[in-house]
Amino acid sequence: MESQFETQFLALRKKYIEAQFGKLNPVQRDAVFTTDGPLLILAGAGSGKTTVLVNRIANLIRFGSAHSSTYAPQGAGPEQVAELERLLHSGGEPSEALRPFLREHTVRPYNVLAITFTNKAAGELKNRLSAMLGEAGQDVNASTFHSACVRILRREAGRLGYPQSFTIYDTDDQQRAMKEVYKSMNIDDKFLPLKSAIGAIGRLKDKMISPQDAMSAPADTRAGLVAKVYDAYQKRLLQAGAFDFDDLIYATVKLLRDFEDVREYYQNRFRYILVDEYQDTSVAQFQLVYLLGGEHRNVCVVGDDDQSIYRFRGATIENILNFEQHFPGAKVIRLEQNYRSTSNILNAANCVIKNNMGRKGKTLWTENGNGEKLMCYEADSEFDEAAHVAAVIGQNVKKGAKLRDHAILYRMNAQSGPIETYFARAGIPYKIVGGQRFYDRKEIKDMLAYMSIVANEQDDLRLRRIINEPARKIGATTVQNVADIAAGLGVSMLEVIEHAPDYPALARASAALGGFWRIYRRLKEAYDTMPLDVFVSEMLEITGYRSMLEAEGEEGQTRMENIGQLVSSVKTYADQRGPEASLPGFLEEVALISDIDSYDEGADVVVLMTMHAAKGLEFNYVFIVGLEEGIFPSEMSRYSNEDLEEERRLCYVGITRAKKELYLSCANSRMLFGQTKHNRPSRFLEEIDASLVEVEQSPAAAQTKAMRQRYMQQQNAYLQTEYGAASMRSTVQAGYSARYGGASHGSGAGGASRPARQRASVGGGFSTVQAGSAASVPRTEGSGAYRPGDLVEHKVFGRGEVLKVTPVAGDTIVEIRFDTAGVKKTMANYAPLKHISE
DNA sequence: TCGATCACGCTTTTT
DNA sequence: GCGTGATCGA
């Protein structure tokens, strides 16, 4: 029976616990204090889901399920009630005596597994947990699917016939391996391109389909061929002791499925499981979660079906749609209040996403004000677009914004080029996230390959990469001979090299191979006797890589610097991990790290990245560039409704990154991959309600447009006199909207009927011809205009004095000392620069 | 076996 | 437009 004090204590304790967790709205609080059983949190963009996750974990660890109404605080008496009242009133820490009354079977930090999408998100989670819980926060398992799997595989890989020190293959390694498969099977890559084979195999693994399954019932000849190369590829990887990215998940699921003791161990280890970004999980990842959490059923997943943007990589939105079937009795909580964006931005996002079918359905709302309207800029070219972005950033910085508050988002990495060029010349500091990773550079990959063969001597693929780098007179024929002998004997290539003189086929090359073997031995020795970072820098000498680069001159110089960076990251790793540090450990970290993980908000620079990379981030000012049909939505998605909906979700993700202001832009012409294209404005622009947007057209774009219209009118006149067939031209203009430039060709219920809301400068329809400057790059005064001593005003850096002027091909480098920004070099033709007098 | 030259193709998004 | 790979000649 509950005593009167117990009842009183229960109520007080509820209040006390809730007071421990910052301000949460009622729905968030519900999510935080739902401690046990399956839970699906549908969290809209900017709804504070990370806060919920952090608080939920912290509550589990500090108070367990003590908040639940079923728990009775047995034996609580007047002293406990009195102390709790005091704590509630004036704060402070509970006494040791009180603590047992406050919690109920609390959860050990290492019993919690939190899976996030990037390493960076995992790190943030840990940091926030540490801030709330101290040391215990560090003991929570927070990682990506891939690194969680690697940790399990490092213990258990032996059961699958893989070495403890297995290698992780990236996409480049995959291609090399597949190329060898093709060669050995005599397959022409014209029939089945390498990349599609690799992609198809990846999708099979995402669905947990084994090579045998795939071979047993191929749907068609192509599927049959895929199954065959899949089988051969997999054998090759096993031989090399290597997993590719998809294998990491696949193999772990297999391990948990087939080995009961392993499964039970990890089920008990991870009593509480949380999965973030659940909308982007694959079938295999679902099975992993289910195998780990199906028993205790303390599985909490967080996701937003509207932000699912990795279908192309095997993510299946069904996971989130079917969660309640997978975990019967699951509780569902919806976080729909947005704390991030202005309501104009949010409404724009809602406008776009509501065009998708098959959503779980939710509408975000906010108590934030309307804010500014969205700006849409219609540029003439991609350079014009870049110039405009730079100019707006300049204005914002002048008003007190930081450069780092600005993000420029695009559909594909190739779009960063013109912006980069413009910013570099204008002297605007920026950073690109994504694109080519540091670890993808050739010299770095070479170094990593050397390290790989020391860590895992079976790794023939990495061996092939560096056996003749630097040149050691070991040519393709020799390598092939070694590979053939190794394959015949079922041993590694290194083993064949060790005994090279024994094989007649290698007689001619045995001196060169002997030389390589001695290098390998010296590497091994260095590895055994030296600290990790010393070993890596020693490697440069032993392999002769340094001398090779030194002979290369300037290019080699920068490569040396990159390798220097690698050495220092090895050192950082070794320092951080202490005795735990190992070579396989470092290689694994490198393999699983992505560029976004190292994105540092601290540096005051503009950030450029794809919308995919921007997922989970937020910025005060966001630019989405290249909103054109064929770019975004991409050309590839044009003919598939499902792909198009994914593009739309990506657009939704992009828009909802913005907190204060959102700038959209498109260009009338764009050079991409060496070809100039004239794209229509994106349908996504059309979908945003006109009342939310202010449209601005660049003067140059207006002029180009006027010219094109004149041309078209001439064509029309010609066609009419010649054929009297007005219909022939309609295809030329079909789809152009009234709002975003060009001729309107009334597309029914679309934008044609909307009120024109453009600024005065925008000419809508046929009649208006724009007068304006033809300059595609605005407002510069020409190279000769600056002299040392001149006072100038830069749009981003403010006032400064010209120090030095150096003419270069067609332009001038102007070195300026700014009042606040220090000394910078800018290009006169590009920098947003003008003269001022005092 | 090596080096230079040429042609080719390829670009959605990424752990 | 770029980098990579293939090919050719030495």
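Each chain gets a letter, A, B and so on, in the order the sequences are listed, and its residues count up from 1.
- At the phosphate of dT13(B), neither OP1 nor OP2 sits under 4.0 Å from any side-chain N or O atom of S634(A).
- OP1 and OP2 of dT15(B) both lie 4.0 Å or more from every side-chain N or O belonging to S147(A).
- Annotation: side-chain hydrogen bond (donor to acceptor under 3.5 Å, both in side chains) contacts of S308(A) (sequence neighbours excluded): none.
- Each of R311(A), M636(A), R648(A) was checked for a side chain to side chain contact (heavy atoms under 4.5 Å, CB included) with D643(A), and the lone residue meeting it is R311(A).
- For the residue pair T316(A)/E318(A), the side-chain donor-acceptor check at 3.5 Å is satisfied.
- The side chain of A471(A) sits closest to dC2(B) out of dC2(B), dT13(B), dT1(B).
- Rounded to whole angstrom, the span from the OH atom of Y310(A) across to the P atom of dT15(B) amounts to 6 Å.
- Under the 3.5 Å distance criterion, the side-chain polar atoms of N356(A) are matched with a main-chain donor or acceptor of E645(A).
- For N119(A) and S637(A), each mapped to the nucleotide of DNA chain B holding its nearest heavy atom, the one lying further toward the 5' end belongs to S637(A).
- If you check dT15(B), dT1(B), dT13(B) against the side chain of T477(A), the one that comes closest is dT1(B).
- Put simply, T118(A) has no side-chain N or O that comes within less than 4.0 Å of OP1 or OP2 on dT15(B).
- Taking atom CD of residue Q174(A) and atom P of nucleotide dT14(B), one finds them 15 Å apart after rounding to whole Å.
- Classification of the F243(A)-Y162(A) ring pair by plane angle, with boundaries at 30° and 60°, yields parallel.
- The R313(A) side chain lies nearest to dT15(B) when the options are dT15(B), dT13(B), dG5(C).
- Side-chain atoms of K473(A) lie closest to dT1(B) of the nucleotides dT4(C), dT15(B), dT1(B).
- Rounded to whole Å, atom P of dG5(C) lies 13 Å from atom CD of E180(A).
- When heavy atoms are screened at a 4.0 angstrom cut-off, N468(A) is found touching the sugar-phosphate backbone but no base atom.
- As rounded to whole Å, 12 Å separates atom P of dT4(C) from atom CG of D446(A).
- Following rounding to the nearest Å, F632(A) (CZ) and dT13(B) (P) show an atom-to-atom distance of 13 Å.
- Within the nucleic acid shown, E635(A) has no heavy atom closer than 4.0 Å to any nucleic acid atom.
- Look at CZ on F383(A): it is 11 Å from C1' on dG1(C), rounded to the nearest Å.
- Closest to the M671(A) side chain, of the nucleotides dG5(C), dG1(C), dT14(B), is dG1(C).
- Between Y663(A) and F623(A), the ring planes lie parallel to each other; the angle is under 30°, not in the 30° to 60° tilted range.
- With dT15(B), dC2(B), dT13(B) as the choices, the nucleotide that has an atom nearest any side-chain atom of F245(A) turns out to be dT15(B).
- In this structure, of dT4(C), dT15(B), dT13(B), it is dT4(C) that holds the atom nearest to the side chain of K442(A).
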Which atoms of nucleotides 6-11 of chain B (N or O only) lie under 3.5 Å from a protein N or O atom, and what are those distances?
residue, atom, partner, partner atom, Å
dT11(B), OP1, K195(A), NZ, 3.1

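- Remark: E277(A) engages K49(A), K615(A) in a salt bridge (Lys or Arg N to Asp or Glu O under 4.0 Å) (not counting sequence neighbours).
- When the C1' atom of dC2(B) is taken as reference, atom CD of E469(A) falls 12 Å away, rounded to whole Å.
- What separates CD1 of I467(A) from P of dT1(B) is a distance of 12 Å, to the nearest Å.
- Among the candidates K677(A), R683(A), R680(A), R670(A), the single residue satisfying the salt bridge (charged side-chain N to carboxylate O under 4.0 Å, His left out) test with E628(A) is R670(A).
- Using a 4.0 Å heavy-atom criterion, one finds that F145(A) contacts no nucleic acid atom at all.
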